[in-house]
Amino acid sequence: MLDDPRIAGLTRLVLGAVKPAPGRARILLALFSGVLCHLVFAMAVIAMMTVMFSGMQLGFGTVAWPWAALVNLMLILQFPLVHSFLLTGPGRRLLERLVPGPHGSVLSTTTYATIASAQLLALFALWTPSGIVWWQAEGVLFWFSSAAYGAAWLLLMKASFDAGAEVQSGALGWMSLMAKVRPVFPDMPDKGLFRLIRQPIYVAFALTLWAVPVWTPDQLVLATVLTAYCVFAPRLKERRFQAVYGARFALYRAQVPYMLPRLAAAGRAVRRHDGTASFKGRHIARKREAD
């Protein structure tokens, strides 16, 4: 199991952070960045899970209607717009400059995860509920819907692990700074859920939006807009993967569907290309973009 690159890379990162290279100021900056990132991340996940479970009726927003509708829409849109911008060239350069001093580049993935978590926290904590409930599961349907909701979240966690837990959680930047090493991105993801579809994180995220036990106008708007983002945004991500991995990603894309798995191919072994290369093999290229 330790040979699994998803585990091996994370293990090396943790071991390096446990025994950091000397440098008090650098270590304090790394620890502060890590604590802040994971604290905001945890708060965002709890807020998202809780508020969506209620059909978006537990938000703390107090904007008067009908202005609340506009504010709520802005809260939704700020996440995909900023999230996507920060993955562009100008966005990445901005991330490197947000932390003053020489360590902004190393911490950029941690900064990115912190901003994304803060965006999600703002979306769900500041939402102004409509107070309108269309449908609420009861009895057996409630437990069935709750189980489906929990399963969608577990699927999202699994997909995030398969993509590289250190990147998805924001740990890559601050742990690399602790060890005083250059951040090494995980290889192109092609294991676990990535064997079945190319975008399991986006699919799992979309499933959390629809597997709720309470349906309201709020939840419908949220699910519709963010699902559209989940369907179309990965196209931009795949352009970056094509530029980084070239023919290797082209082969992977030809063999693995975008979002809907081919049931007949679920247990099929990975085919090799020209007898030498497959998307399962690891190449030297490590520069992949975070989700």
Side-chain angles (χ1 to χ4, degrees), residues 32-88 91 94-95 98-99 107-137 145-146 149-150 152-153 156-157 160 168-170 173 201-202 204-233 290-291:
F32 173 79
S33 300
V35 170
L36 177 63
C37 176
H38 299 317
L39 178 62
V40 179
F41 181 87
M43 293 173 62
V45 170
I46 292 172
M48 183 177 175
M49 293 180 69
T50 304
V51 176
M52 281 208 306
F53 191 78
S54 73
M56 301 300 292
Q57 296 306 292
L58 292 180
F60 293 112
T62 57
V63 179
W65 292 86
W67 295 108
L70 177 60
V71 174
N72 285 347
L73 182 60
M74 292 174 62
L75 285 171
I76 296 176
L77 293 178
Q78 56 86 25
F79 176 73
L81 292 177
V82 175
H83 196 68
S84 297
F85 167 73
L86 292 178
L87 290 176
T88 65
L94 175 61
L95 283 173
L98 288 178
V99 177
L107 285 172
S108 61
T109 54
T110 298
T111 306
Y112 179 80
T114 303
I115 293 174
S117 298
Q119 289 182 267
L120 286 173
L121 180 60
L123 167 56
F124 293 99
L126 300 179
W127 186 272
T128 299
S130 68
I132 301 172
V133 177
W134 284 337
W135 179 81
Q136 182 169 348
S145 180
S146 299
Y149 186 65
W153 275 98
L156 179 57
M157 293 181 209
S160 298
Q168 303 303 316
S169 67
I201 290 181
Y202 287 93
F205 183 77
L207 288 176
T208 66
L209 298 167
W210 295 96
V212 295
V214 180
W215 275 99
T216 65
D218 314 54
Q219 185 66 34
L220 180 61
V221 171
L222 177 81
T224 300
V225 175
L226 291 187
T227 298
Y229 168 71
C230 290
V231 171
F232 295 107
D291 287 290

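Because the structure is a prediction, the values reported are computed rather than measured.
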Can you name the side-chain contact (heavy atoms from CB on, under 4.5 Å) partners of Phe32, sequence neighbours left out? Leu36

Quick check: do Ile201 and Gln168 have side-chain heavy atoms less than 4.5 Å from each other? yes

Mind checking what makes side-chain contact (heavy atoms from CB on, under 4.5 Å) contact with Leu95, not counting sequence neighbours? Leu86, Leu98, Ser108, Thr111, Tyr112, Ile115

Separation between CZ of Phe79 and OG of Ser84, rounded to the nearest 0.5 Å: 8.5 Å

Nearest heavy-atom contact between Cys37 and Gly170 is SG-CA, 4.0 Å

Does Tyr229 have any side chain to side chain donor-acceptor pair (under 3.5 Å) partners at least two apart in sequence or in another chain, and if so, which? none

Is there a side-chain contact between Asn72 and Val221 in this structure, where contact means two heavy atoms from C-beta onward sitting under 4.5 Å apart? no

In the structure I gave you, are the side-chain heavy atoms of Leu220 and Trp134 within less than 4.5 Å of one another anywhere? yes

Selection residues 116-128 - residue pairs positive for side chain to side chain donor-acceptor pair (under 3.5 Å), sequence neighbours left out: Gln78-Gln119, Trp127-Asp218

Answer yes or no: does atom CZ of Phe85 have more than 12 heavy-atom neighbours from other residues, nucleotides or ligands under 6.0 Å? yes

Can you list every ring pair (Phe, Tyr, Trp, His ring centres under 6.0 Å) pair that touches residues 204-225, not counting sequence neighbours? Trp210-Trp215

Donor-acceptor under 3.5 Å (Thr110 side chain, Ser33 main chain): no

Is the backbone of Thr224 close enough, under 3.5 Å, to the side chain of Thr227 for a donor and an acceptor to pair up by distance? no

Sorted by chain and residue number, the side-chain contact (heavy atoms from CB on, under 4.5 Å) partners of Val71 (sequence neighbours excluded) come out as Val63, Leu75

If you apply the rule side-chain contact (heavy atoms from CB on, under 4.5 Å), what do you find for Val225 with Ile76, and how did you get there? CA-CA 8 Å; Val225 175; Ile76 296 176; 3.5 Å; yes

Met43: what forms a side-chain contact (heavy atoms from CB on, under 4.5 Å) with it, not counting sequence neighbours? Leu39, Leu121

Only distances under 3.5 Å count here; give the side-chain donor-acceptor pairs of residues 44-55 to other protein atoms, sequence neighbours excluded, each with its distance to 0.1 Å.
{"residue": "Thr50", "atom": "OG1", "partner": "Ile46", "partner atom": "O", "Å": "2.8"}
{"residue": "Ser54", "atom": "OG", "partner": "Val51", "partner atom": "O", "Å": "2.7"}
{"residue": "Ser54", "atom": "OG", "partner": "Gln57", "partner atom": "N", "Å": "3.1"}
{"residue": "Ser54", "atom": "OG", "partner": "Leu58", "partner atom": "N", "Å": "3.3"}

Just so I know, are the side chains of Tyr202 and Leu156 near enough to count as touching, which here means a heavy-atom distance under 4.5 Å? no

Aromatic ring pairing Trp153/Tyr149, orientation class (parallel under 30°, perpendicular over 60°, tilted between): perpendicular

